[in-house]
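So the structure is just underneath, and the comments pick up after that.
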Amino acid sequence: MSSSDSASSSKRESRHFIQQIIDSDRSSRRVTGDIVTRFPPEPNGYPHIGHAKAICLNFSLANEYQGRCHLRFDDTNPETEDMEYVRAMRRDIRWLGFEWGEHEYYASDYFEQLYDLAVQLIKDGKAYVDSQTGEEIRTNRGTVTEAGVASPFRDRSPEENLEMFATMRSGDFPDGAHVLRAKIDMASPNMLMRDPVLYRIKHAAHYRRGNDWPIYPLYDFAHPLSDAIEGITHSLCTLEFDVHRPLYDWLVDALFPAPRPHQYESARLNLDYTVTSKRKLLQLVKEKFVDGWDDPRMPTISGMRRRGYTPEALRRFCDMIGVAKADNRVDMAQLEFAVRDDLNARAPRVMCVLEPLKVILTNVPEGHLEELEASYWPHDIPKEGTRMVPFTREILIEQSDFMEVPSKKFHRLSPGGEVRLRYGYIIRCDNVVKDASGNVIELHCSFDPETRSGASSERRVKGTIHWVSATESVPVEVRLYDRLFSVPNPDDVAEGETFLSHINPDSKTIVTGRIEPAAASADALDRYQFERQGLFFLDEKELEKGNRVWNRTITLRDTWEKTKQSEKAKQSASTPAKSESPKQIEPQPDRDPLEGLDADALARTHALDTSFGIGVDDAAILAVRPKVESFFRDATATGESPAAIANWLINELRPLLSEDGIESIPFSASQFAELVGLHSDETLSSRLAKEVLSEMMKTGESAGAIVEKRGLKQISDESLLAAHVSDVLAAHPDRVEAYKAGKVGLIGFFMGQVMAKTGGQANPGTVKALLEKALA
RNA sequence: UGCCCUAUAGCUCAAUUGGCAGAGUGUCGGAUUCUGGUUCCGAAGGUUCUAGGUUCGACUCCUAGUAGGGCAACCA
């Protein structure tokens, strides 16, 4: 079976839009050298999960294309930045598994160059020193609906600007006295282009440059030019910067020759039950809602590391969530999957009881100590290693593994019931001991010596539970973490609330558990699965202080918890079935195509419709676009059908137009009419006509010439087409079968095959009829 | 209210550029299991935001709308 398309079934891994851009930049040779990206944090906070996404994006892209990714600190605001954050950033990026080698840069190292570029801009008449107050600048910028007004200082001479800018630099002006602004367009619909501020005076010490500079460039100036200086090819940022792109382009075009960097925007990460604004994270730390930036509940990289997340899991997560331009909110389950999946294969299993219940095995002699061999790994993980687990008369099991009145699906211990001790014996519960208030405080059980783990006993029980020896186990502090916020979107707040109103009061629980001896001496970076509980990681900070404290990284998936919930739900059957009413989408009434047209357009619409009979819909489209309308009128002068011309003009030609519009096309209205004619007289199918049209756009040749040159002609000969149809059907018997079984969408596949075989020249109407007949 | 961006399964994303609407995750079943984990198998889940148009054929092109987000710091 070697069907022609079996090769194409090896589906290429899907590429996100930035990869597609880079691919096409390389194939079009817009970029001929290395692909160079950059990660440009401002050192004013600890990196978090959102940064992780950006880090993975930029560094992975560089790795994929064997280019490089620069780490550049965007440190142009002396007031908030600090070396501590630089160190945190470097450490966390490395921990994530990325390396930038010698390519560590600082915008503050470019201050001299940036200053020179600003001078160049002034000399070119593209920037000026404005002496309005901040207040005036703001007011005069206008609003989103009204144009701004020009500063009275806008037309200072280059000489004066140069001199004043030099004085700004020398430090002789006080803060805020003047700014340097780009001279662009005070009426631009894009607020960023209304003469944006490039430099401000700020007599402040910079954490790296000290008091060298009394003026500091702004992001909008420093960022694009730093990219250009470093030879960045693809400058990736988040969506809110898309309005900055015209300014980015303006500055780079003004000061750097090609090849130059280009900016692309993608959506930032929003994670359920999490906040990722530096301001809010800082607030959580400062107001002690958490114990520092690296609190294991924090979405900071340092917090997640301390909690026990791995770089691999985080990278996997970033990979899973993809890169796109739509706003998003990622389900926690996504992150949890990545973490569990990674940890499952790398965490050895041990036993630890978190909420102990004492069990006395009445038929084990006092003082009995037996060592049971236990594997660190389950049968399905190909790793080896065992330890010995002490078995004694008194043991501890999990309180939740005993139920005095078991529900139907509960298969652990209950009075008279049996359960297996993991790696040990089957025990039976003979007696339940309670305290005065009726709480179960102790169980008396007996064990079956024939059922030791590994022994070929026929006996089977439904449940296996973890346990430790009451006398040989070691007490340990275990910290159980839950989500920091109790709602999916903590930023979604009612009047008078803040995100802090949604803090989950139970996000941290500390218990004293009992761990088996083999794991009691665990060391830094050790991580374990406590069987049936979850994944746990030794807390670095506590270990430094000499304490062994376990952080729960994540619980295991718990289907028992789910069945418990659903059992409960069933019992309280009063809860109405959540039969959500089907999505009600308001149907939209037919609209009036003439709605919203002004009097002039309305008149022209009617004129077009009455003189050409093209219908008001098409007429209205032409009428509001005077240049298109006149092109249309010119084309109709050839005598070709006006309706056909309008149709082709509106639906096919316009999408091919560049920004310059219809004036820049390389052929005339009558040549366009000729093409429409070739379609009308069925020389060309619409598919062929479209091909010819795009060729005309490229070369400016006439439709007739292109048809001649390429030998294009619609094939309508039925017997010829029938042969192609039966070829195609014979080549894909499986699909024919599927079609006959009801998958009628395959008609498109068959059509595509026949069209491809005929070079697009088959008459589609005829082919379709033949196909339907053949498949009936 | 002007300009810009976005809209495909519960969630996050694909769909070779106009030719079979898919994946991961989640959910629900089943098998395996000395972890109610893992693994394996299966199922459900779609008005591709809406309405109209072009086309043999539209997630993709055209028109008009709707919803969400961004932009009026001398922050980044």
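In what follows, every chain begins at residue 1, and chains take the letters A, B, ... in the order their sequences are listed. Just so we're clear, the structure is a prediction, and the values are computed from it rather than from any experiment.
A donor-acceptor contact under 3.5 angstrom links the side chains of A:Tyr423 and A:Glu531, judged on distance only.
At the phosphate of B:rA76, OP1 or OP2 sits under 4.0 Å from a side-chain N or O atom of A:Thr76. Remark: A:Arg279 is not in phosphate contact with B:rC75, judged by side-chain N or O atoms under 4.0 Å from OP1 or OP2. OP1 or OP2 of B:rU63 lies within a sub-4.0 Å distance of a side-chain N or O belonging to A:Arg625. One finds no side-chain N or O of A:Arg15 lying less than 4.0 angstrom from the OP1 or OP2 phosphate oxygen of B:rA14. Considering only side-chain N and O atoms, A:Asn328 lies nowhere under 4.0 angstrom from the phosphate OP1 or OP2 of B:rC11. Look at A:Thr559 and you'll find a side-chain N or O under 4.0 angstrom from OP1 or OP2 of B:rG37. For A:Lys690 and B:rU54, the shortest distance from a side-chain N or O to OP1 or OP2 is not below 4.0 Å.
Salt-bridge check for A:Glu737 with A:Lys740: failed, with every basic side-chain N at 4.0 Å or more from each acidic carboxylate O. A salt bridge between A:Asp242 and A:Lys325 is absent, with no side-chain N of the basic residue lying under 4.0 Å from a carboxylate O of the acidic one. Using a 4.0 Å cut-off between charged nitrogen and carboxylate oxygen, A:Glu265 and A:Arg245 count as a salt-bridge pair.
A:His466 comes within 4.0 angstrom of nothing in the nucleic acid, heavy atoms only. Base engagement by A:Gln20 is indicated by at least one non-hydrogen atom pair under 4.0 Å involving a base atom. Residue contacts for A:Asn190: at a heavy-atom cut-off of 4.0 Å it reaches no nucleic acid atom on any strand shown.
Side-chain to base pairing of A:Lys409 with B:rG36: no donor and acceptor N or O lie closer than 3.5 Å to each other. With hydrogens and angles left out, the side chain of A:Gln529 and the base of B:rG37 share no donor-acceptor pair within 3.5 Å. For A:Asn651 against B:rG53, a side-chain N or O and a base N or O form a donor-acceptor pair under 3.5 Å.
Distance check on atom C1': B:rU48 versus B:rA58 gives 11 Å, rounded to whole Å.
In this entry the distance linking NZ of A:Lys202 with P of B:rA73 reads 15 Å, nearest Å. To the nearest angstrom, C1' of B:rC74 lies 10 Å from CD of A:Glu79. Going from atom CG of A:Asp327 over to atom P of B:rG68 covers 12 Å, rounded to whole Å.
Counting heavy atoms from C-beta outward, A:Val149 and A:Arg141 have side chains that stay 4.5 Å or more apart.
Stacking annotation: A:Tyr219 is not stacked on the base of B:rA76 (requires ring centroids less than 5.5 angstrom apart and an interplanar angle below 30 degrees).
With distances taken from any side-chain atom of A:Arg687 to the nucleotides B:rC56, B:rC71, B:rU25, the minimum falls on B:rC56.
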